[in-house]
Amino acid sequence: MELDGLDKTRLPQHVAIIMDGNGRWAKARGKSRVEGHRRGKTSVRVIVEMSRRIGIRFLSLYAFSTENWFRPDDEVDALMTLLEHYLAAEQAKMMRYGIRLLAVGDRSRLPASVRSALEKVIELTRDNQRMTVVLALSYSGRDDVVRMVKSLAHAARAGKCDPDSIDERIIAEHLDTAGIPDPDLLIRTSGEMRISNFFLWQIAYSEMYVTSCLWPDFREKEYLQALLEYQRRRRRFGRTDEQLDEAVESSLDAGGRQS
Ligand code: FPP
């Protein structure tokens, strides 16, 4: 598709997506919720592919939250099966296109077959460098924080970490997202104005984009809109506009080009 107006030099490095609305998409069509998830899986494929094509370096997808375990058993089973099929079907493409797969969340709760399929693809793609897809599975931001605090507490008790030395860098290194830059852009589909326990620490300065589009309908056109909107924003990171203007001016070289 045409990427009219998109500035390839100002892409978000990391896009994170709360994929919501599969159930409503299905209900509106008299279909089963599972059918909505199936169609949502196609959106996942489309968005990964477009991200790779335009040069997004990190794409995180909130595929299954810790709260989703409370859904009816047949829906949980169907989601796990879809995930397993996705991993099996996409691994060749991930290798072909240099995509590395990572997962965040409490993997120990996943069914053994999903866990082993996931670990196989993570291992297979570990050296790929073009793009990283991060699947949030059995993930919640608070659970991530709880596990981070536990690991730091254990390290402190073992004398491997001085509590007074704990700073933002050390905390980030103990979250599931260690080594992954914070999201620049957080997209949520289906219009809800909530974070729903997705990344908490990591989105401190993310730009948020909420669209009423339901996830199964979120395809290239809608993704492009989100990226264009991101490029219209000015990220200030707590600074003033004047400070940013000064920073841009002082980074202009003698020829008037921005360094
Ligand atoms: C939210 O819709 C979506 C989910 C809970 C799961 C997301 C799963 C997929 C997109 C399919 C498979 C994923 C991968 C990575 C292959 P909802 O059911 O909460 O929708 P509703 O709010 O309208 O009920």
Is the backbone of [Y] close enough, under 3.5 Å, to the side chain of [X] for a donor and an acceptor to pair up by distance?
X      : Y      : value
Arg188 : Ile17  : no
Ser140 : Thr66  : no
Gln231 : Asp7   : yes
Asp144 : Phe199 : no
Arg100 : Val134 : no
Arg115 : Leu110 : yes
Ser43  : Trp215 : yes
Thr177 : Ile180 : no
Glu35  : Ser32  : no
His14  : Pro181 : yes

Could you grab the distance from atom [atom1] of [X] to atom [atom2] of [Y], nearest 0.5 Å is fine?
X      : Y      : atom1 : atom2 : result
Asp20  : Arg194 : CG    : CZ    : 7.5 Å
Glu173 : Leu175 : CD    : CG    : 10.0 Å
Leu82  : Arg38  : CG    : CZ    : 6.5 Å
Gln91  : Leu101 : CD    : CG    : 10.0 Å
Leu227 : Leu3   : CG    : CG    : 9.0 Å
Glu207 : Tyr230 : CD    : OH    : 7.0 Å

If you compare all heavy atoms of [X] against all heavy atoms of [Y], which two are closest, and at what distance to 0.1 Å?
X      : Y      : answer
Ser51  : Leu59  : OG-CD2, 3.7 Å
Arg233 : Arg10  : O-NH2, 4.2 Å
Gly105 : Asp176 : N-OD2, 2.9 Å
Leu214 : Gly21  : CB-O, 3.8 Å
Gly40  : Asn22  : CA-OD1, 4.2 Å
Met148 : Ile171 : CE-CG2, 3.6 Å

Should Leu11 and Leu6 be marked as a side-chain contact (heavy atoms from CB on, under 4.5 Å) after you check the CA-CA gap, both sets of side-chain angles, and the distance that decides it?
CA-CA 8 Å; Leu11 290 172; Leu6 193 66; 3.9 Å; yes

Please say whether more than 12 non-hydrogen atoms of neighbouring residues, nucleotides or ligands are located less than 6.0 Å from [atom1] in [X].
X      : atom1 : value
Arg142 : CZ    : no
Arg126 : CZ    : no
Lys150 : NZ    : no
Arg239 : CZ    : no

Please tell me if the side chains of [X] and [Y] come closer than 4.5 Å, counting only heavy atoms from C-beta onward.
X      : Y      : answer
Glu222 : Thr211 : no
Met50  : Leu224 : yes
Glu49  : Val46  : no
Gln225 : Tyr209 : yes
Ile195 : Met208 : yes
Arg45  : Lys93  : yes
Ile18  : Val210 : no
Ile99  : Val48  : yes

Can you get from [X] to [Y] by hopping between Ile, Leu, Val, Met, Phe, Trp and Tyr side chains that sit under 4.5 Å apart?
X      : Y      : answer
Leu87  : Tyr97  : yes
Ile166 : Trp201 : yes
Leu61  : Trp25  : no
Met19  : Leu186 : no
Ile56  : Val44  : yes

In terms of ring plane angle, is the pair Tyr62 and Phe198 parallel, tilted or perpendicular, where the classes change at 30° and 60°?
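Plane angle under 30°, so parallel.
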
Measure up the Phe64 and Trp69 rings against each other and bin them: parallel (under 30°), tilted (30 to 60°), perpendicular (over 60°).
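It falls in the perpendicular class, over 60°.
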
Does Thr132 form a side-chain contact (heavy atoms from CB on, under 4.5 Å) with Arg57? I'd like the steps, not just the answer.
CA-CA 6 Å; Thr132 299; Arg57 300 305 308 271; over 6 Å; no

In residues 152-164, what donor-acceptor pairs under 3.5 Å come from side-chain atoms, sequence neighbours left out?
{"unit_1": "His154", "atom_1": "ND1", "unit_2": "Arg157", "atom_2": "NH2", "d": "3.4"}
{"unit_1": "Asp162", "atom_1": "OD1", "unit_2": "Asp164", "atom_2": "N", "d": "3.0"}

Can a side-chain donor-acceptor contact be found between Glu84 and Ser113 if the only test is distance below 3.5 angstrom?
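A donor-acceptor contact under 3.5 Å links the two side chains.
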
When you compare the side chains of Arg107 and Ser138, does any donor N or O come within less than 3.5 Å of an acceptor on the partner?
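No, no side-chain donor-acceptor contact under 3.5 Å.
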
Let's go through Val133 and Thr125 carefully: what are the C-alpha distance in whole Å and the side-chain angles of both, what is the deciding distance for side-chain contact (heavy atoms from CB on, under 4.5 Å) to 0.1 Å, and is it a yes or a no?
CA-CA 10 Å; Val133 171; Thr125 62; over 6 Å; no

Do Ile170 and Asp167 pass the side-chain contact (heavy atoms from CB on, under 4.5 Å) test, and can you show the C-alpha distance, the side-chain angles, and the key distance before you say yes or no?
CA-CA 5 Å; Ile170 291 181; Asp167 57 12; 3.4 Å; yes

Check step by step if salt bridge (Lys or Arg N to Asp or Glu O under 4.0 Å) holds for Glu123 and Lys120.
CA-CA 5 Å; Glu123 180 58 28; Lys120 187 174 146 223; over 6 Å; no

